There are 2 protein chains.
Amino acid sequence: MPRTARLNERTIAEAALVVVDTEGIGALTMRRLAEQLSTSPMALYHHLPDKEAVLEAVAQLLLAEVEAPPPGLGWQETLRRIMRSARAVALRHPHAASLIARFPPRTPDALAFVEAGFRSFRAAGFSPSSTATAYRILVGYSLGTQDVELGGYFATHPATRSPNGSLDQPSTDRILPTVAEIGPLLAAGDPDQEFEHGLDIVLTGIEAILPRE
Amino acid sequence: MPRTARLNERTIAEAALVVVDTEGIGALTMRRLAEQLSTSPMALYHHLPDKEAVLEAVAQLLLAEVEAPPPGLGWQETLRRIMRSARAVALRHPHAASLIARFPPRTPDALAFVEAGFRSFRAAGFSPSSTATAYRILVGYSLGTQDVELGGYFATHPATRSPNGSLDQPSTDRILPTVAEIGPLLAAGDPDQEFEHGLDIVLTGIEAILPRE
DNA sequence: ACCTGAACACCGTTCAAGT
DNA sequence: ACCTGAACACCGTTCAAGT
């Protein structure tokens with residue numbers, strides 16, 4: 001007898017998110033998920049076709065957490081808020097964030113912030129085509145930043161470690177002096193500030209290049 | 001008896017890349033990889049600690065394929081070439097490209113393009129800190145674009161499909177009109193041109209915002 | 001309609017053994 | 001030092017059966 005009155009896609013996705021948040025994405029198996037819901041693994045297959053669909057449902061849950069700013073704020077402020085909110089969701093769910101890069105928003109709730117962003121671009125006079133290009137770039141910056149920040153991309157950068165001084169292989173410092181100089185700085189800065197700084201640059205580029213109608 | 005004279009990390013990584021390129025990342029198992037090398041699964045563990053190390057080695061192989069431009073080109077042209085080369089590698093190995101987002105460059109060969117990029121920023125007068133910020137943004141744009149282009153992020157965008165007109169659930173077009181307007185454009189453009197356009201915007205933002213020494 | 005237990009065809013990896 | 005075969009503790013998913 002399941003603990004919840006009835007199993008459905010939403011309750012399954014919520015349970016999956018709990019498992020991923022607390023035990024990591026690797027711990028999410030159909031058996032573990034069934035256990036979390038006090039049911040049998042096979043019960044899940046009556047509500048979702050396969051594990052891929054579970055992951056997709058979790059992604060929609062996360063995307064629905066991204067806040068859509070109120071109308072009338074101006075495109076830069078609107079997009080700044082959306083980007084910050086998306087990053088906040090990823091930081092709240094570090095083990096689940098990789099799913100956001102794998103599944104685009106599909107449900108109406110998950111598309112709410114997309115609608116808000118598109119509207120602010122259109123209201124500011126950007127053409128539909130410019131709006132699409134700007135969205136592409138911002139999605140790219142958002143997903144790329146997540147990879148970098150949560151994947152520990154720079155934390156494990158070789159130049160941030162002490163050089164390997166073995167004799168049969170020349171030290172990295174000697175072949176790659178600029179990597180040795182810049183590498184330590186990559187992991188050094190305040191992540192919030194770095195994110196804002198990069199966002200400034202991207203928004204400035206959009207303002208400078210994209211034509212209005 | 002192994003087909004190659006001797007097993008080592010490089011030959012294992014090369015065989016793994018062949019399997020991933022031809023059969024997809026899901027087909028890469030230790031058993032399948034051993035088969036490809038005409039050896040037993042357990043032989044691999046004498047050269048690499050686990051499967052994660054195999055994936056990491058494949059990533060280094062891919063990153064080493066990114067071409068380092070010759071010196072003296074100016075920072076914008078240098079970075080343009082690096083970004084194009086990274087994208088070309090990803091498009092040549094679409095099934096393996098996700099590994100680039102998971103593992104940073106570590107070996108000297110894989111770091112060659114990073115060194116070239118850092119040098120061109122420094123030669124143009126960007127401070128070490130500005131260089132690190134610019135690298136962060138460009139890595140973000142590169143990885144994000146890969147997610148978007150190869151993950152079919154926009155190809156499966158709901159707004160790019162015909163609307164669901166069922167009666168018990170209002171059509172997406174009515175709740176999300178701007179998603180309906182812009183969505184189809186996201187998958188429509190020429191990917192090469194879109195990439196270049198986004199790159200223009202990012203480089204323009206870097207030029208406009210980042211301080212020189 | 002919804003749930004179940006047993007089974008199938010896989011995994012990555014450990015172990016004890018071979019040369 | 002390098003490789004092997006058998007085994008362990010898992011997977012996702014199919015199937016036949018239950019209510």
Side-chain angles (χ1 to χ4, degrees), chain A residues 1-61 95-96 98-99 102-103 166 168-169, chain B residues 1-61 95-96 98-99 102-103 166 168-169:
Chain A
M1 168 176 41
R3 209 181 55 205
T4 43
R6 205 154 207 85
L7 237 41
N8 60 51
E9 186 171 330
R10 173 165 209 99
T11 48
I12 292 173
E14 283 166 355
L17 183 53
V18 169
V19 172
V20 173
D21 279 344
T22 56
E23 298 170 42
I25 190 97
L28 183 64
T29 67
M30 298 303 270
R31 284 169 169 86
R32 175 71 190 86
L33 179 54
E35 191 187 71
Q36 185 72 15
L37 288 159
S38 304
T39 185
S40 77
M42 288 319 299
L44 305 171
Y45 287 87
H46 283 271
H47 304 276
L48 289 158
D50 51 27
K51 189 184 179 179
E52 185 80 356
V54 174
L55 298 176
E56 145 97 38
V58 174
Q60 299 309 313
L61 226 48
H95 294 120
S98 66
L99 297 174
R102 281 179 54 190
F103 302 97
S166 73
D168 53 343
Q169 188 186 330
Chain B
M1 166 174 46
R3 209 179 57 207
T4 43
R6 202 153 208 88
L7 237 41
N8 59 50
E9 186 172 330
R10 173 163 210 101
T11 47
I12 292 173
E14 283 167 354
L17 183 54
V18 169
V19 172
V20 173
D21 279 344
T22 55
E23 298 169 42
I25 189 99
L28 183 63
T29 67
M30 297 305 269
R31 284 166 169 87
R32 175 72 189 83
L33 178 54
E35 192 187 70
Q36 186 72 16
L37 289 159
S38 305
T39 185
S40 78
M42 288 319 300
L44 305 172
Y45 287 86
H46 281 271
H47 303 276
L48 289 159
D50 51 27
K51 187 183 179 180
E52 185 79 357
V54 175
L55 298 176
E56 145 96 38
V58 173
Q60 299 310 314
L61 226 48
H95 293 121
S98 66
L99 297 174
R102 283 178 54 190
F103 302 95
S166 73
D168 55 342
Q169 187 187 329

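Please read all numbers here as calculations on a predicted model, not as lab measurements. Only this structure's heavy atoms are used, side chains among them; waters, hydrogens and symmetry mates stay out.
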Would you indicate whether the side-chain heavy atoms of A:L33 and A:V54 approach each other to under 4.5 Å?
yes

Members of residues 18-25 of chain B that approach DNA chain D, where some heavy atom sits under 4.0 Å away:
none

Answer yes when B:E14 and B:R10 have at least one side-chain N-carboxylate O distance shorter than 4.0 Å, and no when they do not.
yes

Could you state the interatomic distance from CG (B:L44) to CG (B:D50), rounded to the nearest 0.5 Å?
11.5 Å

Heavy-atom distance under 4.5 Å between the side chains of B:H46 and B:L7, does that happen here?
no

Using 0.5 Å steps for rounding, measure from the CD1 atom of A:I25 to the CG atom of A:L55.
6.0 Å

So, taking the atom named NE2 in A:H47 and the one named CD1 in A:I12, what distance separates them when rounded to the nearest 0.5 Å?
5.5 Å

Euclidean distance, atom CG of residue B:L37 to atom P of D:dC2 [Å, nearest integer]:
16 Å

Whether the side chain of A:T22 engages the backbone of A:V18 through a donor-acceptor N/O pair (distance < 3.5 Å, no angle test) should be reported.
yes

In Å, rounded to the nearest 0.5 Å, how long is the span from CZ of B:R31 to OG of B:S40?
11.0 Å

Does the side chain of B:E52 come within less than 4.5 Å of B:E56's, by heavy atoms?
no

Reading nucleotides 12-19 of chain D from 5' to 3' and marking B where a protein heavy atom lies under 4.0 Å of the base, S where only the sugar-phosphate is that close, and - otherwise, the string is BBBB----

d(CD, B:E35; P, D:dT4) in whole Å
14 Å

What distance separates A:T29 OG1 from A:E23 CD, expressed to the nearest 0.5 Å?
9.0 Å

Could you spell out the base pairing of DNA chain D in dot-bracket, with Watson-Crick or G-U pairs whose two distances are under 3.5 Å, [ ] crossing and | to another strand?
||.|||||...|||||.||

Residue-phosphate contact under 4.0 Å: A:T39 side-chain N/O, C:dT4 OP1/OP2
yes

